[in-house]
Protein chains: 2
Amino acid sequence: MSEVEEPMRLVHLLRGLTVELDLFGAEFASRNGLHPTDLRALIHLLDAARAGEVVTPGRLGEALHLNSAGTTGLVDRLERLGLIRRERDPQDRRRVRLLVEERAMELGQGFFGGLIGDLLAAMGRFEPGELAVARRFLEAMAEVVATARQQERAGAEAGKK
Amino acid sequence: MSEVEEPMRLVHLLRGLTVELDLFGAEFASRNGLHPTDLRALIHLLDAARAGEVVTPGRLGEALHLNSAGTTGLVDRLERLGLIRRERDPQDRRRVRLLVEERAMELGQGFFGGLIGDLLAAMGRFEPGELAVARRFLEAMAEVVATARQQERAGAEAGKK
DNA sequence: GCAAGTATCTCGCTGAACGAGAGAATAACG
DNA sequence: CGTTATTCTCTCGTTCAGCGAGATACTTGC
């Protein structure tokens, strides 16, 4: 086994892990009558709610790379399912605030709850020092991907004539 | 910072990383006139080709959770783009083998090449022992997700009446 | 050689997402 | 203030990926 074998295996592991997580999400979604987009939206909304941020259809669509028409459809769907509620912002009545309903939190709990518990349990079998290494590692990888994404974006801009 | 803070941050890091990778893939795909599904199919086909395995439309569709009609559409698309080629299996003429064209490999190189290089470079800044820890960590996480996925599947089966 | 089995493809349809633009409210400026 | 510009959201018509059902082509077993 050469010197580069080990890192290469790590790359594949990383990719495999993202694929697994993706599939897990997709299966959970279809099992609950949601589309992958709906689940991603829900995750975004729950994260924002936990952080105390106000989310509008505009922001949500931007985060998910949907245009306004697609966003309206998405919000309609989530509202019809009773997962969120629309409410006009009293300050700026052009805006609509998206409020997550109780049911959405429960659903999120069902999705994450179990998995997060298992992940934490598995992490419990590592030394604190090892977890610190894992964290540094993940942070380094995340930064690389984020940087690559920006370069990709820059390339897209340039290629647009 | 309590004892559970650190692992929880790791969970969020992990999720954030998968989101970033996903977005990176989606952006690369649309930049090349592909759909996310097309890119996933291409990755699967390239992996299989490297492993020397024969992929048929049936296998591909199964891997991507598409039904036969959707799979035909996908293969049509990839063939029209000149990324793969259909070829009837001489042994069993019911089957069709999917062969990746040169162009697909180049595209895959364009997608992965740069990113993998950057990831490897970032890994180079870690000690061998640290990389071993990262690997054990990722393997543990992957296993948890895979297990959770099977449970989810089992639940889906049961819930199906 | 005929029935059953397997692999792929065709047809018609649903619905998510797109582009364009309308509608409604606020901000900015004279 | 009132008129114009701006910002946010939603509507309309369209496109196209993926679905269910079933047709077609080939193989295998009896």
Side-chain angles (χ1 to χ4, degrees), chain A residues 22-23 25-27 29-42 44-45 48 53-81 83-99 156 160, chain B residues 22-23 25-27 29-42 44-45 48 53-81 83-99 156 160:
Chain A
D22 237 40
L23 288 173
E27 280 167 20
S30 80
R31 185 155 145 61
N32 288 284
L34 298 170
H35 302 263
T37 302
D38 299 352
L39 185 62
R40 269 190 293 167
L42 217 49
H44 186 86
L45 288 167
E53 286 166 14
V54 173
V55 181
T56 66
R59 285 191 182 290
L60 182 62
E62 202 176 342
L64 301 176
H65 293 128
L66 294 181
N67 74 359
S68 64
T71 305
T72 299
L74 166 66
V75 173
D76 283 351
R77 239 149 46 222
L78 294 178
E79 195 168 40
R80 203 177 318 123
L81 288 168
L83 295 172
I84 65 170
R85 194 158 29 102
R86 275 185 241 236
E87 192 168 89
R88 284 227 104 95
D89 186 328
Q91 253 81 59
D92 182 343
R93 289 178 40 72
R94 287 171 304 184
R95 286 192 203 179
V96 168
R97 290 202 238 175
L98 301 178
L99 303 171
K160 232 188 211 178
Chain B
D22 237 41
L23 288 172
E27 280 166 20
S30 80
R31 184 154 145 63
N32 287 285
L34 299 169
H35 302 263
T37 302
D38 300 351
L39 185 62
R40 270 191 290 168
L42 217 50
H44 186 85
L45 288 168
E53 287 166 14
V54 173
V55 182
T56 66
R59 288 192 180 290
L60 181 63
E62 202 176 340
L64 301 176
H65 294 127
L66 294 182
N67 74 0
S68 63
T71 304
T72 298
L74 166 66
V75 173
D76 284 350
R77 247 161 25 233
L78 293 178
E79 195 168 40
R80 204 176 319 123
L81 288 168
L83 296 171
I84 66 171
R85 194 158 30 104
R86 275 186 244 237
E87 192 167 89
R88 283 229 106 95
D89 186 329
Q91 254 80 58
D92 182 343
R93 289 177 41 70
R94 287 171 302 183
R95 285 193 205 176
V96 168
R97 291 201 236 175
L98 302 178
L99 303 172
K160 232 191 215 175

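Just so we're clear, the structure is a prediction, and the values are computed from it rather than from any experiment. Per chain, numbering begins at 1; letters A, B, ... match sequence-line order.
- Of the two residues contacting DNA chain C, namely A/Arg40 and A/Arg93, the nearest-nucleotide position lying further toward the 5' end is that of A/Arg40.
- Of the candidate nucleotides C/dC9, D/dT9, D/dG20, D/dT9 has the atom lying nearest to any side-chain atom of A/Val96.
- Rounded to an integer number of Å, the gap from CG of B/Asp76 to C1' of D/dC16 is 13 Å.
- With rounding to whole Å, B/His35 atom NE2 is found 15 Å from D/dT15 atom P.
- Counting only distance, with no hydrogens or angles, the side chain of A/Asn32 and the backbone of A/Leu34 share no donor-acceptor pair below 3.5 Å.
- Look at CZ on B/Arg95: it is 18 Å from P on C/dG5, rounded to the nearest Å.
- Of the candidate nucleotides D/dC10, C/dC9, C/dG19, D/dC10 has the atom lying nearest to any side-chain atom of A/Thr72.
- Within the 4.0 angstrom heavy-atom criterion, no nucleotide atom of any strand lies near A/Thr71.
- Protein atom CG of B/Leu34 is 15 Å distant from nucleotide atom C1' of D/dC16, rounded to whole Å.
- Rounding to whole angstrom units, CZ of residue A/Arg88 and P of C/dG23 are separated by 15 Å.
- A 6.0 Å sphere centred on CD of A/Glu62 holds no more than 12 heavy atoms belonging to other residues, nucleotides or ligands.
- Comparing atom distances between the A/Arg94 side chain and each of D/dC8, C/dG5, D/dG18 picks out D/dC8 as nearest.
- For D/dT9, one of the phosphate oxygens OP1 or OP2 lies less than 4.0 angstrom from a side-chain nitrogen or oxygen of A/Thr56.
- Nearest nucleotide to the side chain of A/Leu66, out of D/dC10, D/dG18, C/dA17: C/dA17.
- Backbone-only engagement by B/Arg86 is indicated by non-hydrogen atom pairs under 4.0 Å involving sugar-phosphate atoms exclusively.
- Closest to the side chain of B/Arg77, from the set D/dC12, D/dA17, C/dC11, is D/dA17.
- Mapped onto DNA chain C by nearest heavy atom, B/Pro57 and A/Thr37 fall at different nucleotides, with B/Pro57 at the one closer to the 5' end.
- Between the CG atom of A/Leu81 and the P atom of C/dA16 there is a distance of 10 Å, rounded to whole Å.
- The backbone N or O of A/Arg93 lies less than 3.5 Å from a partner atom in the side chain of A/Arg88, making a donor-acceptor pair.
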Yes or no on side chain to side chain contact (heavy atoms under 4.5 Å, CB included) for B/Leu45 and B/Leu78, after CA distance, side-chain angles and deciding distance?
CA-CA 11 Å; B/Leu45 288 168; B/Leu78 293 178; 4.2 Å; yes
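- As judged by a 4.0 angstrom heavy-atom cut-off over every strand, A/Asn67 is placed among the base-contacting residues.
- Other residues, nucleotides and ligands place more than 12 heavy atoms under 6.0 Å from the CZ atom of B/Arg97.
- Between the C1' atom of C/dA24 and the CG atom of A/Asp89 lies a distance of 15 Å, rounded to the nearest Å.
- As judged by a 4.0 angstrom heavy-atom cut-off over every strand, A/Gly73 is placed among residues making no nucleic acid contact.
- For B/Leu60 and C/dT8, the CG to P distance is 10 Å, given to the nearest whole Å.
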